[in-house]
Structures are given as C-alpha cells and as structure tokens.
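One-based numbering, in listed order, for ligands and for the atoms of each.
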Amino acid sequence: MPIIAPSLLSADFLNLQAACTMLNNSEADWFHLDVMDGRFVPNISFGFPVIEQVRKATTKTCDVHLMIVEPEKYTEAFKKAGADILTVHIEACVHLHRNIQQIKGLGMKAGVAVNPHTPVESLKDILQDIDVVCMMSVNPGFGGQSFIFHTLEKIKTLRGMIDAKGLPVIIEVDGGVTLENAHSIIDAGAHALVAGNTVFKSPDPAATISKLKHIV
Ligand code: DX5
Ligand code: ZN
C-alpha cells in the first residue's frame with residue numbers, strides 16, 4: 001500500500017487543529033508541509049510557527065518540503081520546529097551533498113525534490129545518500145494544479161535506477177494527484193502520494209485518504 005501524505009497547504013488555516021485531528025484519525029501516513037519563500041517559487045506559504053504547532057498536534061511523520069533558496073541556512077531551525085523528513089530542491093542547492101549530510105547529521109531523513117524539467121538522471125550520484133525523492137508532477141508553488149503526464153515516464157526511470165542499486169529510497173509524487181490518476185502513478189513505481197486538493201476539497205477527506213491508501 002502506498003504511503004499517503006496529505007498536503008496541509010490545502011487545509012483550512014482557520015481550523016488547522018481540526019485538519020490535524022482528521023489526519024490523525026485517518027489512514028494518512030505523513031503530514032506534508034509545503035514551505036515557500038517567494039523566491040524559489042512565486043508564492044509564500046508558511047514557516048516555523050505553523051510547523052511547530054502542527055508538530056504538537058500529531059505523532060505522525062512530518063514531511064517538510066522546502067521550496068526555498070539557501071535551505072542550508074535553516075536546516076537546524078526546521079529540525080527544531082519538528083521536521084522528521086526534510087526535503088530540499090536539487091535546483092536550489094549548489095552543494096547538495098553537503099546539505100544532505102547536514103540534514104542527516106541532525107537526525108532527520110533527507111529528501112531531494114526535482115522539478116518537472118529536471119532529468120531524473122541528475123539524481124544518479126546522490127541516490128545512495130538520501131531517503132526520499134520528491135518527484136514534482138506540477139511546477140511547485142501552488143496547490144490544485146493539473147498532473148503533468150510525462151512524470152509517469154520519470155517515475156519509471158527513477159524506480160529502475162533505485163531498484164538496480166537495491167536502494168531503500170522512497171519515490172514520493174507531489175502535485176495534481178487525484179483518485180483518477182493515483183493508480184497509474186503507483187503502477188509507474190511511486191511509493192508515496194502527496195495530495196492537497198484531492199483530500200481537503202473532498203466532501204469526506206478521511207474517506208478520500210482511505211481510497212488513496214487502497215487504490216491498488
Ligand atoms: C506544490 C506543493 C504540493 C501541493 C500539492 O508546490 O509542493 O505539495 O500542496 O497540492 P495538490 O495535491 O493540490 O496538487
Ligand atoms: Zn509539496
């Protein structure tokens with residue numbers, strides 16, 4: 001069964017407590033927290049105070065997706081805020097290997113996110129050092145966008161690379177995941193599904209999470 005990581009970006013921010021309670025009582029595995037800085041992406045979301053509060057509201061894995069430049073400046077602060085998995089963008093890191101060592105040195109799992117245009121082959125020499133690849137299936141910055149179909153090819157290629165080396169790397173697919181396309185995403189080789197709008201804009205978010213969890 002896939003790992004399900006609902007994205008809080010699509011939750012009602014006036015009722016975050018309710019969103020956390022719903023997720024805690026659901027089959028969700030991870031809380032996906034999208035941090036945007038208005039520089040790496042053309043949007044600004046939330047930061048430490050929100051993550052700290054969410055951390056207090058759950059014992060589930062906090063999966064923090066940094067869409068920010070110079071993420072190395074804040075690694076320790078995200079650890080303190082409560083991140084379990086910290087994901088940085090390959091496009092935002094000049095010294096990616098150093099950043100990964102920093103994240104793991106602080107006791108977090110390390111993720112690398114790749115934009116839709118970034119070839120999966122660029123992960124070849126970092127795969128052995130990381131825990132998660134966050135494969136962007138939309139251009140990062142906003143929830144509610146449409147899934148970019150070519151991502152399926154990228155997932156297949158990446159899964160081949162990971163399996164060929166026998167690595168325990170999790171492929172997480174982020175952006176435009178729906179009840180309609182989730183099956184083909186898993187079929188292509190993904191292990192984890194992020195879902196924002198599909199979960200939080202549905203009439204019964206917990207039921208939708210369950211449907212995603214049991215999609216195959
Ligand atoms: C996009 C974020 C996603 C977003 C997904 O930049 O990284 O995590 O919240 O939202 P949906 O599932 O609505 O595309
Ligand atoms: Zn995300």
### Task
Identify the residue among Ile185, Val194, Thr198 that makes a side-chain contact (heavy atoms from CB on, under 4.5 Å) with Val177.
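Single side-chain contact (heavy atoms from CB on, under 4.5 Å) partner of Val177 among Ile185, Val194, Thr198: Ile185.
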Considering the heavy atoms of [X], write down every atom of ligand 1 situated less than 4.0 Å from one of them.
{"X": "Gly175", "answer": "14 (O)"}
{"X": "Met36", "answer": "6 (O)"}
{"X": "His32", "answer": "8 (O)"}
{"X": "Leu9", "answer": "9 (O)"}
{"X": "Pro140", "answer": "6 (O)"}
{"X": "Ser7", "answer": "8 (O), 9 (O)"}
{"X": "Val194", "answer": "8 (O)"}

### Message
With a cutoff of 4.0 Å, is Thr198 in contact with ligand 1, counting heavy atoms of the residue only?
### Response
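False for this residue.
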### Query
Does ligand 1 have an atom under 4.0 Å from some heavy atom of Met136?
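Distance cut 4.0 Å: Met136 passes for ligand 1.
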#### Entry: Considering all heavy atoms, the nearest Thr75-Met108 contact
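Closest approach of Thr75 to Met108, heavy atoms only: O-CE, 3.7 Å.
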### Query
Which pair of heavy atoms, one from His183 and one from Ile215, lies closest together, and at what distance?
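Looks like CD2-O, 3.2 Å.
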Examine distances only and state if a side-chain atom of [X] and a backbone atom of [Y] form a donor-acceptor pair shorter than 3.5 Å.
{"X": "Ser202", "Y": "Thr208", "result": "no"}
{"X": "Thr61", "Y": "Trp30", "result": "no"}
{"X": "Lys60", "Y": "Phe31", "result": "no"}
{"X": "Asp37", "Y": "Val69", "result": "yes"}

### Task
In plain terms, say whether Asp29 and Lys213 are close enough for a salt bridge, that is, a side-chain N and a carboxylate O under 4.0 Å apart.
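Looking at Asp29 and Lys213, the cut-off is met.
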### Query
Do NZ/NE/NH1/NH2 and the carboxylate oxygens of Arg55 and Asp84 come within less than 4.0 Å?
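Looking at Asp84 together with Arg55, the answer is yes, because their closest N to O distance falls below 4.0 Å.
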Residue and atom name of the nearest protein heavy atom (relative to [atom]), distance in Å to one decimal:
{"atom": "atom 10 (O) of ligand 1", "answer": "Gly143 CA, 3.6 Å"}
{"atom": "atom 1 (C) of ligand 1", "answer": "Phe142 O, 3.5 Å"}
{"atom": "atom 2 (C) of ligand 1", "answer": "Asp34 OD1, 3.4 Å"}
{"atom": "atom 5 (C) of ligand 1", "answer": "Asp174 OD1, 3.6 Å"}

Name of the [X] atom (N/O/S only) found closest to the Zn ion (ligand 2):
{"X": "Asp34", "result": "OD1"}
{"X": "His65", "result": "ND1"}
{"X": "Asp174", "result": "OD2"}

### Query
Quick check: does His32 put an N/O/S atom under 2.8 Å from the Zn ion (ligand 2)?
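It does: His32 brings an N, O or S atom closer than 2.8 Å to the Zn ion (ligand 2).
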### Task
Please indicate whether any nitrogen or oxygen in Gly176 is less than 3.5 Å from any nitrogen or oxygen in ligand 1.
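N/O-N/O distance below 3.5 Å exists for this pair.
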### Message
Can you confirm, on distance only, whether ligand 1 has an N/O atom lying under 3.5 Å from any N/O atom belonging to Gly196?
### Response
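So ligand 1 has an N or O lying under 3.5 Å from an N or O of Gly196.
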### Task
May I ask whether Leu96 and Leu167 are part of the same hydrophobic cluster, defined by side-chain heavy atoms of I, L, V, M, F, W, Y residues being less than 4.5 angstrom apart, directly or through others?
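Same hydrophobic cluster.
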### Message
Do Ser7 and His65 have side chains that approach each other closer than 4.5 Å (heavy atoms only, starting at C-beta)?
### Response
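Not touching, per the 4.5 Å side-chain cut-off.
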### Task
Check whether any side-chain heavy atom of Glu153 sits under 4.5 Å from a side-chain heavy atom of Thr151, and report yes or no.
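No, too far: nothing below the 4.5 Å cut-off.
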### Task
Would you mind telling me if ligand 1 is within reach of the side chain of Asn197, the backbone, both or neither, using heavy atoms under 4.0 Å?
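Near ligand 1, Asn197 shows its backbone as well as its side chain.
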